[in-house]
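What you see is a predicted model, and the numbers here were worked out from it, not measured in a lab. The sequence lines fix the lettering, A, B, ..., with proteins before strands; numbering per chain opens at 1.
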Protein chains: 2
Amino acid sequence: MGDGEKLSPGQAERRRSATIVDVAEAAGVSRATVSLVLRHSPLVADDTRQRVQRAIVDVGYIYNRGAAQMRSGMSGTIGVIVPEITNPFYAELLSGIDETLDVDGRLCFVGNSTDSPERQDRFIRRIRERGVEGIIICAAEASSPLLLGQMREWNLPFVQILRSIDGDTGDFVAPDFAVGTRMAVEHLVSRGHERIALMPSAKNTSAARERVAAFTSAMAKSGLQGGRILHGRLTRSDAHDAVASILSGAKPPTAIIAHNDLLALGIIGALRNIGLTPGVDLSVIGFDDIPESSHSVPALTTVATRPREVGAHAATLLLRRIIKPKGPTESVLVSPKLIVRQT
Amino acid sequence: MGDGEKLSPGQAERRRSATIVDVAEAAGVSRATVSLVLRHSPLVADDTRQRVQRAIVDVGYIYNRGAAQMRSGMSGTIGVIVPEITNPFYAELLSGIDETLDVDGRLCFVGNSTDSPERQDRFIRRIRERGVEGIIICAAEASSPLLLGQMREWNLPFVQILRSIDGDTGDFVAPDFAVGTRMAVEHLVSRGHERIALMPSAKNTSAARERVAAFTSAMAKSGLQGGRILHGRLTRSDAHDAVASILSGAKPPTAIIAHNDLLALGIIGALRNIGLTPGVDLSVIGFDDIPESSHSVPALTTVATRPREVGAHAATLLLRRIIKPKGPTESVLVSPKLIVRQT
DNA sequence: AACAAGTTTTAGATCGATCTAAATTTTCTC
DNA sequence: GAGAAAATTTAGATCGATCTAAAACTTGTT
């Protein structure tokens, strides 16, 4: 356990709940047989199985995974770490994971790292104490570079999502940010834009670096020079500052590609605040296609990154990895889709 | 276990990880002593404690809660059920719960019921199998009326949030929808509106019924007659239909109070689509104050319901209930706040 | 130095499942 | 109907912690 984590004991005078022994007695078989029935073993005879199943219902038996886990080593549980659960992108992603796990029967612990490595480490320790079989992780920005190595050492299967720590070769799922960025650039170029800016997250993550690289190369390929790159955090005031800085120089960009929709919407707001019209005075493209992007005015043009699919893929990959720890690794890049709207 | 839930076994040839016995050997004490140190017992002498703690680090020991739970009955885990995790309101709420639990040291299983009682029941069974100590639940719309009684019978502490199943007297936390509704009505009345409509969720939940009651009484108190009530689901097309239906009749309402911001934003969109100006041709007030409400154009006037606080309160109440199952019940109504913007 | 009282440590049983290997029952073959 | 093979069931050990009750130390008092 960690520091200051003395859990206050519950005082429930729990009426002892039914165990496998009660079921065995009720059905007139041995514990071992009940256990086999619980695990859907093909060994038990049909009528025995039915008798046991009836007994299970009769005595109100609830499977005790804590006990099972002890012997079998399987908890039927995984962990998921996201940097910010209130970002609609991650909420959708979680929903995709949940959907896949609901079918599988496993359950997940959700941790919100808020991009704090300490909180992330705390969460990882806690889920390890609970015997999770694997973990889906979008690593906090300043995560220790040792993290992945440790998880391997611990024999803890994992799938990285969105961000990949220094080119690790394990399982990985993310939207294809490079292709998405290229789509955005090409779209703008086809509309006649020549001066384009990119505003990636200031966070030093692979997801940001990848966009910068793709942006630079796409600009070069289109024969355009010196796309501007403005790093910033993803806050409202960053959007303001960015707009101000962009428009102040000579030959200001006529279009900007934002790190995500939240930032793009912030930029739209900033433009309106100073009396400019988004989509006319400055074109804006976001990333993600979160629900509110289609409702904004003007509606946001964006690169849809399909978070739900990313989540579903990640869950599928993790389950596969749990079953086959040594199987070949896989890297899934979910194809983005350009949604052209009004900006 | 349930049907079709044979969990595929992992094949990890787990190098047996360190147990309390390894720690005991390394520190030259008995298992029992190590166990006492782990639980921060005041019984152990200081230097012994330190020796054990060093040994814990040395052997890379990780506390096994599955085993501990077996004897002590405590899993250090709770469950949370929300109807729709992608709704920003619930995402914020989860974040509030997470925050409180992070301090406490407990972890939570998050379930997304999508308002399906079957899925909710499945989730509840699964978390019971894992020995959760309690549950925070926003019951799915058509939940069995027996649900709460069962949970009591199971000795499973719970706190209801937002919706309360037929006037149950257990612990409960929610925004004060009645006060919020009254605030909205009074605000509109003070601006001179006389024909006001309410659009609650069609879902038959206490959260919807409460608004209707408060609306009716607030209208009466203001001496206004016949506020219109339009039930609908909370989709985009409902917003459209509602707008159409509202404006078609004679003496159409001049203001509408929507069930939540998502719906309110939908209404704003619908108005713009038919060339009307929200806030001028029809005033709109939402509920929740989700982040995008302040970014919308025009910015949405709304009743802030402070989901993060609701979550934090619910977690605190549940922890208290776990420690004192028979303690007095508490019902927390978080005061809403009217955020006047442009609509 | 002997005893009581307090402090610290420990052996062994226990929680509720799974696992192994063997026992039992059934079915098949000649 | 005996023996082999297959199908089904089971006893007992085991996982890694906690719990209980007792043992082993310390300290203080006379």
ask   = According to a strict under-4.0 Å criterion, is B:S30 in side-chain N/O contact with OP1 or OP2 of C:dT10?
value =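 Answer is yes, contact under 4.0 Å.
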query = For C:dT10, does OP1 or OP2 lie under 4.0 Å from any side-chain N or O of B:T33?
reply =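 So the side chain of B:T33 is within the cut-off, an N or O lying under 4.0 Å from OP1 or OP2 of C:dT10.
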Rounding to a whole Å, what distance do you find between [X]:[atom1] and [N]:[atom2]?
X: B:E129; N: C:dG16; atom1: CD; atom2: P; value: 16 Å
X: A:R128; N: D:dA17; atom1: CZ; atom2: P; value: 13 Å
X: B:R31; N: D:dT14; atom1: CZ; atom2: C1'; value: 14 Å
X: A:R51; N: D:dT8; atom1: CZ; atom2: C1'; value: 12 Å
X: B:L36; N: D:dC19; atom1: CG; atom2: P; value: 10 Å
X: A:Y61; N: C:dG16; atom1: OH; atom2: C1'; value: 8 Å
X: A:L38; N: C:dC19; atom1: CG; atom2: C1'; value: 15 Å
X: B:I56; N: D:dA17; atom1: CD1; atom2: P; value: 10 Å

Between [options], spot the one nearest the side chain of [X], thanks.
X: A:N64; options: C:dC19, C:dA11, C:dG16; result: C:dG16
X: A:Y63; options: C:dA17, D:dA17, C:dT10; result: C:dA17
X: A:S72; options: C:dC19, C:dC15, C:dT10; result: C:dC19
X: B:A45; options: C:dT8, D:dG16, D:dT10; result: C:dT8
X: A:L43; options: D:dT9, C:dG16, D:dC19; result: D:dT9
X: B:T48; options: D:dT10, C:dT9, D:dC19; result: C:dT9
X: B:A32; options: C:dA17, D:dC19, D:dT10; result: D:dC19
X: B:V29; options: D:dC15, C:dT10, C:dA17; result: C:dT10
X: A:V44; options: C:dT9, D:dT10, D:dT9; result: D:dT9

inquiry  = On DNA chain C, does the nearest nucleotide to B:R71 precede the nearest nucleotide to A:V21 from the 5' side, or the other way round? Give the residue.
reply    =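 It is B:R71 whose nearest nucleotide is closer to the 5' end.
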key: 5' priority, DNA chain C, between B:D46 and B:M70 [closest heavy atom]   =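 On the 5' side of the pair lies B:D46.
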key: Flag side-chain contact, heavy atom, 4.5 Å: A:V80 against B:V110   =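 Answer no - side chains too far apart.
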ask   = Is there side-chain contact between A:N112 and A:V82, with heavy atoms separated by less than 4.5 Å?
value =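 Answer yes - side chains close enough.
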request  = Salt-bridge test for B:E99 and A:R119: reply yes if a basic N is under 4.0 Å from a carboxylate O, no otherwise.
outcome  =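 Looking at A:R119 together with B:E99, the answer is yes, because their closest N to O distance falls below 4.0 Å.
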Short side-chain donor-acceptor distance under 3.5 Å, B:R130 and B:T77 =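 The criterion, which ignores hydrogens and geometry beyond distance, is not satisfied for B:R130 and B:T77.
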inquiry  = My understanding is that only one of B:D104, B:D98, B:D102 makes a salt bridge (charged side-chain N to carboxylate O under 4.0 Å, His left out) with A:R122; could you say which?
reply    =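 For A:R122, the salt bridge (charged side-chain N to carboxylate O under 4.0 Å, His left out) check succeeds only for B:D102.
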request  = Measure from the side-chain N and O atoms of A:Q160 to the backbone N and O of A:I165, and report whether any donor-acceptor pair falls under 3.5 Å.
outcome  =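 Indeed, once roles are kept as given, a pair shorter than 3.5 Å links the two residues.
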